[in-house]
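For reference, the structure is listed below as structure tokens.
Computation of the quantities below employed the complete heavy-atom set of this structure, encompassing side-chain atoms and omitting hydrogens, waters and symmetry-equivalent molecules. Quick note on labels: first sequence line is chain A, next is B, and so on, each numbered from 1.
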2 protein chains.
Amino acid sequence: MSYTYVAPTLTEDNVIFQLINNQLTVLLVKRGKEPFKGQWALPGGYNAAGDTTTDAMKRVLLTKTGIKMSELRFVEQLYTFDTVARDPRGHAVSVSYMGLCRDLEPKHTASTENPVFVPVKDLPELAYDHASIVNYAHERLQSKVNYSNVVFALLPDKFTLTELQSAYEAIFGHKLDKRNFRKKFLSLELISPIKKLKREGAHRPAQLYAFNKQGLQILTRSFE
Amino acid sequence: MSYTYVAPTLTEDNVIFQLINNQLTVLLVKRGKEPFKGQWALPGGYNAAGDTTTDAMKRVLLTKTGIKMSELRFVEQLYTFDTVARDPRGHAVSVSYMGLCRDLEPKHTASTENPVFVPVKDLPELAYDHASIVNYAHERLQSKVNYSNVVFALLPDKFTLTELQSAYEAIFGHKLDKRNFRKKFLSLELISPIKKLKREGAHRPAQLYAFNKQGLQILTRSFE
DNA sequence: ACAAAAGTGTTAAGAATACACCCATGT
DNA sequence: ACATGGGTGTATTCTTAACACTTTTGT
């Protein structure tokens, strides 16, 4: 069988989230070529023979947005879509990944105009089926923050409880009760206060916290 | 770029679960060719250009196990693995799917010896990375029965509460409390008693139940 | 003194858990 | 009459949800 085998086009698409001004944003690029020239799209591209899907992700991200994969604090594969090919051949298979980061500035690169983080609440029309991929990623993130500490990847190393709560609110898209949030989150024993306060603005300084462990932890008792 | 593009080998692997004698079983085939000749493996194969991943699944299942995809009562994509190729070329990308069914008998086909449902608790050594794929699928199923009615796909249309509980126990791998299970499951309002009893054996006949709705339903209030 | 965000507890309702006996049938 | 699996309720603990005022700072 294998001697006549021809593989379908394999592509790779990325949903990179970041919190900016207490808003959840996603990294988009403006396509410089047909198809969908001039439209906003997720940064994505071809996955060539010899490259694993993470190799492809690394290359695509760097080429299209100037972001190094090592700058992402959390990466997870999402789903593999049967989709429209990037070229006129028609059908393609596209593996999508979600990445979480903080404080990243995408760079203008040769192959794309204007990589930029756009608030998820206010997305422009996207090329291909990318709107549904963003949606899928957002839902995954929402459920993941519920049963893990993955929010660490979107926060600075030292953060206040208000910043933490605000991250959850940005991800869920709704407000949470301050006292209940603090009580519940502290009971998970994922974070501890550090010997430092955040002094900023004309108000009482805030206790800073840090996560107890680096990396992903899965909770038995879910959050929200 | 696309004129020099060569795609990696794309394959497709299936984890088909079924309940047999109150045990969760998974469909395996004995490989007739190298590599891993003579070893047990998941039914899988090539995904060729022009075929969507579900096209590939349909073909692979029918060819290797004689099972029609339409006989599966639930299908869900699991994960896409960077893995060892089925041929000596090395690297391949493999999309895996989970399927749930009941009362299916796999058939001996030209391309495989002995497709057979094997208890998940007592798996033989598997080819490739298939042991970890089965494990991944099992975890997905365990979490999915918790927040959905997906267990319907493994049960007959009419079933007793004891059969339902036994399905959960087979999936979780541990016993559940009878009174608490019944109280909790009935409170979800997914099933209703029908006007029929199951009479079987020298004991009190059992009330039969049916799911209220066909197809997958997601719960807000999780199960276990 | 005031504006602004930080911090803090209690009550009530609902959910989860632990647990043991009687019921209806076939042989 | 007995063996077999079907069926049922209560009390306790834990979790969730609703809710408002005081504290500390900078200006």
Choose from D:dT16, C:dG7, D:dA18 the nucleotide whose nearest atom is closest to any side-chain atom of A:N180. D:dA18

Does OP1 or OP2 of D:dT4 have a side-chain N or O of B:R204 closer than 4.0 Å? no

Of the listed D:dC19, C:dA6, D:dT8, the closest approach to the B:R179 side chain comes from D:dT8

B:L188 has an atom CG; how far is it from atom C1' of C:dA16, in whole Å? 13 Å

Any base atoms under 4.0 Å from A:T162, or only sugar-phosphate, or nothing? Heavy atoms, all strands. sugar-phosphate

Under 4.0 Å, counting only non-hydrogen atoms across every strand here, what does A:R221 touch: a base, just sugar-phosphate, or nothing? sugar-phosphate

Any donor-acceptor pair, under 3.5 Å, between the side chain of B:K183 and the base of D:dT10, if you only look at N and O atoms? yes

By nearest atom, which of the nucleotides C:dC23, D:dT25, C:dT8 is closest to the A:K178 side chain? C:dT8

Considering only heavy side-chain atoms of A:A202, the closest of D:dG26, C:dG7, C:dA24 is D:dG26

Pair A:R59-A:E12, salt bridge (charged side-chain N to carboxylate O under 4.0 Å, His left out): steps then yes or no: CA-CA 10 Å; A:R59 191 137 47 89; A:E12 197 276 324; over 6 Å; no

In whole angstroms, how far is the P atom of C:dG26 from the CG atom of B:L197? 11 Å

May I ask you to say whether A:R73 pairs ionically with A:D157, meaning some side-chain N is under 4.0 Å from a carboxylate O? yes

Taking atom P of D:dG7 as reference, at what distance in whole Å does atom CD of B:E163 sit? 10 Å

Considering only heavy side-chain atoms of B:H203, the closest of D:dT25, D:dG5, C:dA6 is D:dG5

NA contact type, B:Q207, heavy-atom cut-off 4.0 Å: base, sugar-phosphate, or nothing? sugar-phosphate

What nucleotide, of D:dT16, C:dC19, C:dA6, holds the atom closest to the side chain of B:D177? C:dC19

Compare all side-chain heavy atoms of B:Y209 with those of B:L186 and state whether any distance is below 4.5 angstrom. yes

B:K184 near the nucleic acid: base, sugar-phosphate alone, or nothing, with a heavy-atom cut-off under 4.0 Å? sugar-phosphate

Starting at CZ of A:F185 and ending at P of C:dT8, how long is that distance when rounded to a whole Å? 16 Å

Quick one: A:L161 CG to C:dA5 P, roughly how many Å, whole number? 16 Å

Ring centre gap for A:F159 and A:F152 strictly below 6.0 Å: no

Round to a whole Å and report the spacing from NZ of A:K198 to C1' of C:dA4. 15 Å

A:K107, NZ atom: more than 12 neighbouring heavy atoms under 6.0 Å: yes

What is the distance, rounded to the nearest whole Å, between atom CG of B:L219 and atom P of C:dA15? 14 Å

How many Å lie between CG on B:L176 and C1' on C:dA16, as a whole number? 13 Å

Judged by each residue's nearest nucleotide on DNA chain D, which is more toward the 5′ side, B:L208 or A:R199? B:L208

Flag if over 12 foreign heavy atoms under 6.0 Å of NZ, B:K58: no

